[in-house]
Amino acid sequence: MSLDAIPIHVVNPTPGESALTGNAPPLLRELAEQVRRLLETGEPSAIDLSALPLTPADLDWLRDRLGSGEIAVTLQANGESTLNETACPGVWWVTHHNEQGAVTSQFIEVAFVPELVKAHPQDVAIGLEQLELSLSGL
Amino acid sequence: MPGPLIESLARQGITRRTFLKYCATLASMMALPPSAGRAMAEAMAAARRPSVIWLPFQECTGCTESITRSHSPTIEGMIFDMISLDYQETLMAAAGHQAEAARLDAMQDNAGKYLLIVDGSVPLGLDGAYSCIGGRSNVEMLKEAAQGAAAIVAVGTCAAFGGIPKANPNPTGAVPVSDIVKDRPIVNIPGCPPIPVVMTGVLAHYLTFGSLPELDDKGRPKAFFGETIHDRCYRRPFYDRGKFAKTFDDEGARNGWCLFELGCKGPVTHNACATAKWNGGTSWPVESGHGCLGCSEPDFWDAGGFYKALSVPADPLRIAGVAAAAGAAVGVGLSFANRAKKGAAKKAHQPVTLADLEKS
Ligand code: SF4
Ligand code: SF4
């Protein structure tokens, strides 16, 4: 049976329906404050985008304003995560996906390097052990 | 096995970054500030695993299914690494006397410190004889296990509020855990079944902060049950504009309009479906075209019909009152009338329509 036999037709939302809510511009102001704090004290911070009432149009608007920078990091850990620097250095757009590809959470991070990108000393130590092991076999 | 969590995770190939990512998402779902994700990761990575005893009473095992078969076994499975699950009938290898011995050992070794998880309601009729394990009634086992518990987590609507076993006329005299245990902290995680991440979130909170999360007046964690389905529903703009689907296949239904008139209980139901969704974030009931049943509220089964529109919209505490009234006055009569109608329809090979079910 072809799917056409099922008498359901998909109606896409009319353009303009998911308009801007006006919630995005204050976020930019908050970001500026956070970047200033990063510069002055070195303290990183983040904004949880799923915690805010933002429409897809709001998110597009934000992304547009922030632009894209030089670095794009992809992390494969139980689904893909992308940590992309925006045109404003120190501001990162972070999106976590699950294994099915659905977005599970989304943040704007303000940091010189996002925490997730850095290697943890304990893990580095384990790596060193492995290196030494392979050296001993030479 | 003892030792910090991060080591047992590493042994299973779960990297530190995977764990950090998981905590970030969990913190976001619990409406904690982003910095809490890292604090949680650090605290949990170093935490020793608390002993957990899980008692199944009058239940269908759907709650266990929900949690163990969730989309991403490695991640939700982490809860089984975060805790030392010393007794869980469905999952444990031991059976019979061995299993009961394991329970008693765990209760003795960790007296005063273990976490007690309960799914299912507790029948009190016939001295509790309706549900027994190893010849002992549920109520007896609950009282015994509660004594040494640091806290109790009532998983699912049955353990939290009595659920379907308690539905009118409640033949077994089913009651929720909180009717029996009065002197221990109890967290209710209702839902039929409950959303896996809510369960994990509560455990993560307990491991991170050593305490239970903040609860609402029905004993539910506010982080997940603080808002109604209606508050977070993506069909809400249609509700606000008065655009309602009238049947399940009309123009409005195809356009994705609000399901209020088809009986959606979203306005009086506190749960996290609309944001956490089901099946790994694939979809949730309202998104697949059916109204909310109100499964995380007390007596949802007797709340007057799944396809009957709420009489008063958007008054959160309404459902309990409606349920009580319907249950006492017309509940039984209604269900018999409907059964007769269904039988008649079957004879005539007629499909039962919504109108048939709702006319009383
Ligand atoms: S009534 Fe139901 S479908 Fe309509 S907006 Fe509320 S939760 Fe969504
Ligand atoms: S939509 Fe409503 S009935 Fe369905 S699972 Fe969620 S809370 Fe329960």
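The basis for the numbers below is simple: all heavy atoms, side chains too, and nothing from hydrogens, waters or symmetry mates. Computed from a predicted structure; not experimentally measured. Here is how names work: the chains are called A, B, and so on, in the same order as the sequence lines, proteins then strands, and each is numbered from 1.
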Can you say whether A/Ala77 sits under 4.5 Å from chain B via the side chain, the backbone, both, or neither, judging by heavy atoms? both

B/Ser28-A/Asp48 side chain donor-acceptor pair, cut-off 3.5 Å: yes

Looking at every heavy atom in both B/Arg16 and A/Asp123, which two are closest together, and how far apart are they? NE-OD2, 3.0 Å

Please look at B/Ala276 and chain A and tell me whether the side chain, the backbone, both or neither of the residue comes under 4.5 angstrom of a heavy atom of that chain. neither

Under the 3.5 angstrom rule, does the side chain of B/Lys21 hit a backbone N or O of A/His96 as a donor-acceptor pair? no

Need one label for A/Val103: side chain, backbone, both or neither, based on atoms under 4.5 Å from any heavy atom in chain B. neither

Which heavy atom of A/Leu75 sits nearest a heavy atom of B/Arg17, and at what distance? CD1-CD, 3.6 Å

Proximity breakdown for B/Thr25 and chain A, heavy-atom pairs closer than 4.5 Å: both

Largest heavy-atom contact set with chain B, pairs under 4.5 Å, which of A/Ala46, A/Ser45, A/Pro44: A/Ala46

Look at atom CD of A/Gln76 and say whether more than 12 heavy atoms of other residues, nucleotides or ligands are closer to it than 6.0 Å. yes

